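Model, not experiment: these values are computed from the prediction. Just so we're on the same page: letters track the sequence lines, and every chain starts at 1. Side-chain atoms are counted along with the backbone in the values below, which use heavy atoms only and exclude waters and symmetry mates.
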There are 2 protein chains.
Amino acid sequence: MRKTRQREAILAVLSGERRPLTPTEIVGLADQAVPGINLATVYRNLKLLAETGQVISVECFGQTARYEVAGLDHHHHFLCEDCDRLFDLPGCVEDFESIAPRGFEVRRHHVQLAGRCDECAAG
Amino acid sequence: MRKTRQREAILAVLSGERRPLTPTEIVGLADQAVPGINLATVYRNLKLLAETGQVISVECFGQTARYEVAGLDHHHHFLCEDCDRLFDLPGCVEDFESIAPRGFEVRRHHVQLAGRCDECAAG
DNA sequence: TTAGCTGCAAAAGCTTTGCTCTGTT
DNA sequence: AACAGAGCAAAGCTTTTGCAGCTAA
């Protein structure tokens with residue numbers, strides 16, 4: 001895996017922002033560092049970086065997948081329905097297994113809150 | 001809103017199955033009652049039925065939206081990673097608001113468990 | 001009769017892929 | 001010099017839309 005300006009820019013953008021970003025958001029932000037960076041390049045890199053464990057793909061309810069840097073503690077997300085930004089939430093509620101029927105094997109859980117972020121609520 | 005064979009079939013399929021279905025699953029099942037039913041018709045009807053509150057759109061993490069009949073109690077879903085079916089879960093864990101940062105307005109929450117359903121786990 | 005609805009086909013939006021050229025190593 | 005990777009354009013999918021004919025009311 002080579003070190004390219006495009007890949008560096010993508011990682012820099014993901015590290016710089018504190019929230020999961022869509023490929024389109026990423027290409028817009030990375031374009032400042034690497035003018036003309038291509039959306040296909042971003043998709044290919046995100047896939048590769050996800051496979052090598054450097055970024056995490058964040059699936060959203062009813063929305064395009066977003067990506068964030070790997071290595072964060074277990075956490076969930078908050079979608080602002082006004083500005084459409086996705087935020088990290090610090091903790092986790094537990095005891096999800098308890099609501100699964102007998103015989104079901106729970107391997108993973110996804111939680112997403114939605115509403116208005118502090119900025120939009122204040123505005 | 002007229003009563004058409006196609007619309008009846010879609011509602012019948014949704015009532016008959018006990019889990020949220022994708023438009024493609026629906027067109028496959030409804031085709032038995034209305035041969036040749038078109039996918040666009042299914043999409044249009046689902047949209048209309050959702051707007052009039054007769055069906056509920058179920059957003060899934062990283063998957064196509066599915067639909068289920070309206071009027072069910074508040075509940076969440078379980079995705080089987082083996083057979084790719086989505087199941088209803090009876091209850092709900094509460095206290096999601098507690099993990100949102102100060103200033104964030106929580107309006108909705110989504111929970112989805114994933115793993116193996118009882119049939120796949122037994123098989 | 002007539003306005004809503006269906007089917008078909010084309011369009012639209014997001015993601016992936018083929019190909020050629022570039023640039024890292 | 002090799003070959004991973006970038007850019008571009010085309011292809012694939014899912015979902016939406018335009019249109020002409022059909023059909024419930």
Side-chain angles (χ1 to χ4, degrees), chain A residues 1-14 19-68 77 79 84-86 112, chain B residues 1-14 19-68 77 79 84-86 112:
Chain A
M1 192 141 149
R2 291 181 184 168
K3 180 172 154 185
T4 66
R5 290 180 307 131
Q6 289 82 350
R7 185 125 69 215
E8 299 282 292
I10 291 168
L11 286 169
V13 162
L14 288 174
R19 57 194 185 79
L21 301 172
T22 63
T24 306
E25 285 176 318
I26 294 168
V27 85
L29 291 163
D31 192 78
Q32 296 167 18
V34 184
I37 184 172
N38 194 275
L39 188 53
T41 299
V42 171
Y43 274 104
R44 270 191 282 242
N45 271 293
L46 289 173
K47 192 179 176 196
L48 193 57
L49 291 167
E51 282 167 0
T52 56
Q54 297 176 72
V55 308
I56 297 289
S57 158
V58 179
E59 308 292 353
C60 302
F61 278 117
Q63 294 231 340
T64 290
R66 308 191 187 209
Y67 295 83
E68 68 184 348
H77 299 97
L79 176 69
D84 203 46
R85 287 184 298 177
L86 192 71
Q112 184 184 295
Chain B
M1 191 140 151
R2 290 182 186 168
K3 179 173 154 185
T4 66
R5 291 179 307 129
Q6 290 83 349
R7 189 165 298 153
E8 298 284 291
I10 291 167
L11 285 169
V13 162
L14 288 175
R19 56 196 186 76
L21 302 171
T22 63
T24 305
E25 284 175 318
I26 293 169
V27 85
L29 291 164
D31 192 77
Q32 294 166 21
V34 184
I37 185 173
N38 195 275
L39 189 52
T41 300
V42 172
Y43 273 105
R44 270 190 284 237
N45 271 293
L46 289 173
K47 192 178 177 196
L48 193 56
L49 291 167
E51 282 168 0
T52 56
Q54 297 176 72
V55 307
I56 298 289
S57 156
V58 179
E59 309 290 354
C60 302
F61 278 115
Q63 296 230 341
T64 290
R66 307 189 188 210
Y67 295 82
E68 68 183 348
H77 300 97
L79 176 70
D84 203 46
R85 287 183 298 178
L86 193 70
Q112 183 183 296

For B:T24, which contact category applies under a 4.0 Å heavy-atom criterion: base, sugar-phosphate, or nothing?
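No contact.
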
To the nearest angstrom, how far is [X] atom [atom1] from [N] atom [atom2]?
X     : N      : atom1 : atom2 : value
A:L39 : D:dC8  : CG    : P     : 12 Å
A:N45 : C:dT16 : CG    : C1'   : 14 Å
A:E25 : C:dC14 : CD    : C1'   : 15 Å
A:R66 : C:dC14 : CZ    : P     : 12 Å
B:I10 : C:dG7  : CD1   : C1'   : 13 Å
A:M1  : D:dA6  : CE    : C1'   : 14 Å
B:L46 : C:dT6  : CG    : P     : 11 Å
B:E51 : C:dC5  : CD    : P     : 12 Å

Residue pair A:L39 / A:P23: nearest heavy atoms and the distance that separates them
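For A:L39 and A:P23, the tightest heavy-atom pair comes out as CD1-O, 3.9 Å.
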
Work out which heavy atom in B:V34 is nearest to a heavy atom in B:R5; give both atom names and the distance.
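Shortest heavy-atom separation between B:V34 and B:R5 comes out as CG2-O, 3.7 Å.
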
Under 3.5 Å, is there a donor-acceptor pair between the side chain of B:R7 and the main chain of B:R2?
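Answer holds: yes.
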
Keeping the roles fixed (side chain from A:D31, backbone from A:V27), state whether a donor-acceptor pair exists under 3.5 Å.
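Absent.
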
Hey, does B:R19 have a side-chain heavy atom less than 4.5 Å from the side chain of B:L21?
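Yes; the side chains approach each other to less than 4.5 Å.
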
For B:Q6, enumerate each residue passing the side chain to side chain donor-acceptor pair (under 3.5 Å) test, keeping only those at least two apart in sequence or located in another chain.
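Per chain and number, B:Q6 pairs via side chain to side chain donor-acceptor pair (under 3.5 Å) with no residue.
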
Quick check: on DNA chain D, is the nucleotide nearest A:R7 upstream (toward 5') of the one nearest B:T64, or the reverse? Name the residue that is more 5'.
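This one resolves to A:R7.
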
Expected string for nucleotides 17-24 of chain C under the B/S/- scheme (protein heavy atoms, under 4.0 Å, primed atoms plus P, OP1, OP2 as sugar-phosphate) is BB----BB

Nearest 0.5 Å, what's the CD-CG distance between B:E25 and B:L29?
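Here the interatomic distance stands at 7.0 Å.
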
Using a cut-off of strictly less than 4.0 Å, decide whether B:Q6 has a side-chain nitrogen or oxygen near OP1 or OP2 of D:dT23.
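Result: no.
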
Phosphate OP1/OP2 of D:dT14 contacted by B:Q63 side-chain N/O (<4.0 Å):
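Answer no for this pair, as no side-chain N or O of B:Q63 is under 4.0 Å from OP1 or OP2.
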
Among C:dC8, C:dT6, C:dC14, which nucleotide has an atom closest to any side-chain atom of B:N38?
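In terms of side-chain proximity for B:N38, the closest of C:dC8, C:dT6, C:dC14 is C:dC8.
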
